[in-house]
There are 2 protein chains.
Amino acid sequence: MTLRDVAERAGVHPGTASRALNPETQDLVSEATVRKVQHAAKVLAYRPNPMARGLKTNRSTMVAIVVPDLSNPLFPPIVRGAEVELSRAGYTSIIADTDNEAGRELAAFAALRARQVDGLLVASARRDDPAIAELFEQGVPAVLINRRSDGVALPAVTGDDERGIELAIAHLRELGHTAIAHLSGPRELSTGLSRQRTFRQVIAETGCDTSPDLVVECETYSVEAGAEGMHELLERARPTAVLAGNDQIAVGAIDALRERGLRCPEDVSVVGFNDMPFVDKLSPPLTTVRVPHAEVGAEAARILVRWMTRGEAASATTALPVELVVRGSTGRAPVRTAQAVSNTSG
Amino acid sequence: MTLRDVAERAGVHPGTASRALNPETQDLVSEATVRKVQHAAKVLAYRPNPMARGLKTNRSTMVAIVVPDLSNPLFPPIVRGAEVELSRAGYTSIIADTDNEAGRELAAFAALRARQVDGLLVASARRDDPAIAELFEQGVPAVLINRRSDGVALPAVTGDDERGIELAIAHLRELGHTAIAHLSGPRELSTGLSRQRTFRQVIAETGCDTSPDLVVECETYSVEAGAEGMHELLERARPTAVLAGNDQIAVGAIDALRERGLRCPEDVSVVGFNDMPFVDKLSPPLTTVRVPHAEVGAEAARILVRWMTRGEAASATTALPVELVVRGSTGRAPVRTAQAVSNTSG
DNA sequence: ATGAAAGCGCTAACAA
DNA sequence: TTGTTAGCGCTTTCAT
């Protein structure tokens, strides 16, 4: 079924049929012909050929969503939120998984651009990311998700990391904790850096123990790195509470505590970040900062669509509100350990 | 950069340049010209326009992967496995999420076919699925993943459900269980039906308690349905072990046990199916049947590629080997409860 | 308001 | 072995 068939059946010229079928140009055609053509199209079950259209218009109505690891439960909700919004706007999404490798990201961008995607949603950004810098310089419509990239004026949509850290620390303070540690994510990622910075600042402002030993940076956002980080932390300090850079690190931290015979939350409280699926089923159920991931994806998609359609190359950064979800991994500070720590570091 | 530019720079006709760049037709051209053209292409950073090519060849080198719910941790590894294999064969994958709705599946198929995908990988099949029947009748290359569809001779790649059930029951029998229940998945899905059937058969063969009260069918493969099913089961019988239709149901079952003050595995052992990420972090860590999901996706992709390229419309069914992963949710049958059950149902 | 015609970038018969 | 030519299905300027 081509446009020619529709035009023939409606008794009009293919050009006219094209105008009648396209909402943008529909008003250049008489109402009667529009109806005729639409009817013919319906009868013939006509589906426009996106390749022919794309070849002519130089647009593909396809958008790429680039994630660092689709198997990380964090990303499917983001992808979902974005997809819904994109398909509503008539775009098809292609998902690319970079496997957390800079090289693959570069390759993915190239392949996607070759596919003529109209825009990109990128959740795999590192702070130092030449591939993204290039994207930016080329002026390709692209919106960053979750992670930002240094020195690149691309719009970004994230959860409100600062607020999340504030909420978590306030919660721990209310429970009487003063020796609060941070198992930070890698500083090469904007989330790792900004959460770590905010942590240090808020801790200082609230008059908690500011010993540098209480901040350990994990190499990756993984369970293994979290466990490793926790072991290192416990060799240097005796915190009564740990704020993890994300949920995976928190899970690893709890594993490490268990290995050392420490109980969570009786001996050490742990707070995560993200509220991934299933962290409420862990033992103990994880207290964590909930980021509205689907909404993050959806908002990023909306910004991208606006850019692609109206040419508005926004560069603003959007931080969506987060909330603290209190579950079983946090409890009152143990009096004895707390004293021991303040002695140690005082 | 178009093929014309490359041809001009190499001093040949565009047709020749096309032949020189395409591996399939490269041998129709002298080696010297191939080198000239390839060099020119490299210098100009030429990228063929897939739309122009597709318009001409009527192929898109795109494949759709249709999943019922991307947020279900089961699917990302499948998608990943498939994507790797597809991109190796030069295909780009488009992922569609049907949200577990038949209507959305139909819409997705239509949209995807309009996009001219060359083939589909479908993980969202129901046993009675007109959309898939239509796909089949149209002769579109498509491979089913995990779930099959009744009366449709489409190739399917799954885990070996029968073997999985056998392994699980054998394990429970070794632990002394005879009152083994099944919290089955929905019978509208091939996995639900086949696991349920195998369960009944193996239970009968091994001389266990075959009371029909010991099989409860859950409405969906979800934590909530699993909990509901477990409550229903406990009102009818007193099993010492439960074989769940999948991991989500198992998680729900453990929740329900806890609500009723029953311990797992001391009072009731629970076995899951799939070995989703993070089930090893649950409390207790879940004993489950591991399905090689990435390999399932990869194998399905390979079959699809063969079909698309060589036109081999296979229809065979492939069941990949599974293994039992024993963790903390299964233990020896409690002597007292076991007796109570055999009294009740005897 | 509609028709005519050209052309997007590529491939594939056919010719030479 | 290479050049020529036509055309995939659509949009869009220009004419009418």
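To find a chain, count down the sequence lines: A is the first, B the second, and so on, and within it residues start at 1. Just so we're clear, the structure is a prediction, and the values are computed from it rather than from any experiment.
First and last contacts of DNA chain D with chain A, using any nucleotide atom under 4.0 Å from a protein heavy atom and ordered 5' to 3', fall at D:dG9 to D:dT13. Counting 5' to 3', DNA chain C first comes under 4.0 angstrom of a heavy atom of chain B and last does so at the ends given by C:dG9 to C:dA13.
For the pair B:V12 and B:N58, both in contact range of DNA chain D, the more 5′-proximal nearest nucleotide belongs to B:V12. Take the nearest nucleotide of DNA chain C for B:G15 and for B:A52: the residue whose nucleotide is more 5' is B:A52.
Within the 4.5 Å cutoff, side-chain heavy atoms of B:V66 are placed close to those of B:L112. Residues B:I303 and B:T318 have side chains in contact (heavy-atom distance under 4.5 Å, counting atoms from C-beta outward). For the pair A:Q116 and A:N58, the minimum side-chain heavy-atom distance is below 4.5 Å.
Evaluation of the salt bridge (Lys or Arg N to Asp or Glu O under 4.0 Å) rule for A:R115 yields no partner, not counting sequence neighbours. Residues that satisfy the salt bridge (Lys or Arg N to Asp or Glu O under 4.0 Å) test with B:R302, not counting sequence neighbours, are B:E85, B:E295, B:E299. Residues meeting the salt bridge (Lys or Arg N to Asp or Glu O under 4.0 Å) test with A:D150, sequence neighbours left out: A:R127. Residues passing the salt bridge (Lys or Arg N to Asp or Glu O under 4.0 Å) test with A:E31, sequence neighbours excluded: A:R35.
To the nearest 0.5 Å, atoms CG (B:D69) and CZ (B:F75) are separated by 7.5 Å.
Rounded to 10 degrees, the angle between the two end axes of the helix from C:dA1-D:dT16 to C:dA16-D:dT1 is 40°, with five pairs used at each end.
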Does A:L121 form a side-chain contact (heavy atoms from CB on, under 4.5 Å) with A:L86? I'd like the steps, not just the answer. CA-CA 11 Å; A:L121 253 21; A:L86 288 171; 4.0 Å; yes
The test is side-chain contact (heavy atoms from CB on, under 4.5 Å); show your working for B:L55 and A:N49 and say whether it passes. CA-CA 8 Å; B:L55 183 57; A:N49 182 327; 4.2 Å; yes
side-chain contact (heavy atoms from CB on, under 4.5 Å) evaluation trace for A:V296 with A:T158: CA-CA 6 Å; A:V296 167; A:T158 68; 5.9 Å; no
Please lay out, stage by stage, how A:V67 and A:N72 fare under the test side-chain contact (heavy atoms from CB on, under 4.5 Å). CA-CA 9 Å; A:V67 296; A:N72 181 337; over 6 Å; no
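Contacts between residues 108-115 of chain B and DNA chain D, defined by a heavy-atom separation below 4.0 Å, involve no residue at all. Using a 4.0 Å cutoff on non-hydrogen atoms, the parts of residues 17-38 of chain A near DNA chain C are A:R19, A:L28, A:V29, A:S30, A:T33, ordered by number. Within residues 41-49 of chain B, the residues having any heavy atom closer than 4.0 Å to DNA chain C are, in order of number, B:Y46, B:P48, B:N49.
More than 12 heavy atoms of other shown residues, nucleotides or ligands fall within 6.0 angstrom of atom CD in B:Q138. Counting heavy-atom neighbours within 6.0 Å of B:R306 CZ, excluding the residue itself, gives a total above 12.
Within the structure, side-chain hydrogen bond (donor to acceptor under 3.5 Å, both in side chains) contacts touching residues 7-16 of chain A (residues at least two apart or in different chains) do not occur. Residue pairs that meet the side-chain hydrogen bond (donor to acceptor under 3.5 Å, both in side chains) test with at least one member in residues 94-114 of chain A, sequence neighbours left out, are A:D97-B:R80, A:D99-B:R80, A:E105-A:S124, A:E105-A:R126.
Of the candidates A:V122, A:L70, A:V79, A:I65 forms a side-chain contact (heavy atoms from CB on, under 4.5 Å) with just one, namely A:V79.
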